[in-house]
S.K.: 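Can you keep this structure in mind? I'll have questions shortly.
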Amino acid sequence: MNSNQAPRRVENVQTDRGSLPVYATGTVEQPWDSYSESDHDVWRQLYQRQREILPGRASDAFLRAQDTMGMTPDRIPRFSDLNRVLADATGWQIVGVEGLLPELVFFDHLANRRFPVSWWIRRPDQIDYIEEPDLFHDLFGHVPLLMDPMFADYLVAYGKGGVKAHGIGPEALMQLARLYWYTVEFGLIRQPDGLRIYGAGIVSSKGESIHSLESAAPNRIGFDLERVMRTRYRIDSYQQTYFVIDSYEELIEATLPDFTPIYERLLEQEAIPAGSVLESDNVFQRGSGEGWSVDGDV
Ligand code: HBI
Ligand code: FE
C-alpha cells in the first residue's frame, strides 16, 4: 500500500469500540494492483499463522468455507474473485470501504447482503494487534461464514434490526452492538467434538484463538438473547465472557421476534458486568478471572 493511498480519515468519534476514526461512508474499489510486496507478506504471515492454530479450534463451517472460497496465503485475495463464489452461495457481496462506518451505513450494508471490508491491510509492525478492523480482520475473519446460509441470513436480519434500532435510540443500538460483539465478533459454537470458534475477532487473533477455548480465566456461558444484550464487554483485552451457541440456526431464531418489547424490557434492567455469572446462566465454565482488570467494561 503506497502511503499516498492511506485511508481517508473523516473524524474520531465514540463508537461501541471506544474512540475510533470513522471513515467516509462511500464504498471503494479494491486497489489490488497497488498492494505492495509488504502488504502481501503481511497477509501471508497472518494467514499462515492462523491456519496453523485454527484446525481443531475454529468451527467446521469456518474452515470449510475458507477452503471453498479459494483463500490462500499466497496473495491478498481479490474481492472480485470472492464475490463470484459468494454470489452463488448466499447472494452476499464484499464491498471495499475505508474502515469503520457510521452504524446506520453499516447496518444498511448488512441488510442488503453487502459486507464492508477495509481495502487496506495493517503494517508489519501491527502484525500482533491493530485497533481498527483492517482487511485481514474483515476478509479472513468475517467473510468465510458469509458462505453459510444460516449465518448469512442471521447477518441480514441483524442489519435490518440495526436499521430499525437506529430509529429507536442509543440504548437499543447499544444492546444490538452487544449482540454483534458476543456473536459475530466473539462467538463460540458447540460441536459434537467440543467448543469451536466462529467469531471474527477471535479467529483473526492468535492469542484469543487459544485463550477463548483453553484459558481458565474466562466464563463460557450458553447463549441467551436477552442475557447477551444486557452484558457489557471489553474492547481493550480478551473477553471475560464468551457465549456459546448450539447452531447458527439458533442465531436466526433469536432474531425472529420483534425487538421493540425486548428493548423496552431491557431498559428496566441493569447492564451486566462483562465478567459476571448469573444463577440463571447455563455455565460451561465459570472463569477464574485471572488477569482481569476491574474497570474497562463498555
Ligand atoms: N463498520 N466497516 C465497519 N465494520 C464493522 O464491523 C462495523 C462498522 N461500523 C459499526 C460497527 N461495526 C459496530 O457498531 C457494530 O456493533 C454494528
Ligand atoms: Fe469485525
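Start at 1 and go down the list; that is how both ligands and their atoms are numbered.
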S.K.: Charged N to carboxylate O below 4.0 Å: is that the case for Asp108 and Arg114?
M.R.: yes
S.K.: So which protein heavy atom does atom 11 (C) of ligand 1 come closest to, and at what separation?
M.R.: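 Answer for atom 11 (C) of ligand 1: Phe106 CD2, 3.8 Å.
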S.K.: Taking the basic N atoms (NZ, or NE/NH1/NH2) and the acidic carboxylate oxygens, is any pair closer than 4.0 Å for Arg122 and Asp125?
M.R.: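 So Arg122 does not pair with Asp125 through a salt bridge.
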S.K.: Decide, yes or no, whether a salt bridge links Asp67 with Arg64 under the criterion of side-chain N to carboxylate O below 4.0 Å.
M.R.: no
S.K.: Within less than 2.8 Å of the Fe ion (ligand 2), any N, O or S from Glu185?
M.R.: yes
S.K.: Is Arg227 salt-bridged to Asp281, going by a charged N under 4.0 Å from an acidic O?
M.R.: yes
S.K.: Which of the atoms in ligand 1, numbered in the order shown and given with their element, are less than 4.0 Å from a heavy-atom of Glu103?
M.R.: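 Selected atoms, number and element: 14 (O).
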S.K.: Looking only at N/O atoms, are Pro116 and ligand 1 under 3.5 Å apart anywhere?
M.R.: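 Among all N and O atoms of Pro116, none is under 3.5 Å from an N or O of ligand 1.
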S.K.: Identify, by atom number and element, the atoms of ligand 1 in contact range of Leu101, meaning under 4.0 Å from any of its heavy atoms.
M.R.: 1 (N), 2 (N), 3 (C), 8 (C), 9 (N), 10 (C)
S.K.: Looking at Glu37 and Arg75, is any side-chain nitrogen of the basic one under 4.0 Å from a carboxylate oxygen of the acidic one?
M.R.: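 Salt bridge between Arg75 and Glu37, a charged N being under 4.0 Å from a carboxylate O: yes.
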S.K.: Phe107 near ligand 1, heavy-atom distance under 4.0 Å?
M.R.: yes
S.K.: Among side-chain atoms of His142 and Glu185, is any donor-acceptor pair under 3.5 angstrom?
M.R.: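 There is such a pair (donor and acceptor under 3.5 Å, judged by atom type) between the side chains of His142 and Glu185.
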S.K.: Is Gly99 in contact with ligand 1, taking contact as a heavy-atom separation below 4.0 Å?
M.R.: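 Per 4.0 Å heavy-atom rule, Gly99 contacts ligand 1.
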S.K.: Quick check for you: with the Fe ion (ligand 2) as the vertex, what angle do NE2 of His137 and NE2 of His142 span, to 10°?
M.R.: 100°
S.K.: Look up atom CG in Asp134 and atom CZ in Arg123, then write down how far apart they are to the nearest 0.5 Å.
M.R.: 11.0 Å
S.K.: Name the closest protein heavy atom to atom 13 (C) of ligand 1, giving the residue it belongs to and the distance to 0.1 Å.
M.R.: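 Going by distance alone, atom 13 (C) of ligand 1 is nearest to Asp16 OD2, 3.4 Å.
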S.K.: Can you tell me the protein heavy atom closest to atom 6 (O) of ligand 1 and the distance?
M.R.: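 For atom 6 (O) of ligand 1, the nearest protein heavy atom comes out as Arg17 NH2, 3.3 Å.
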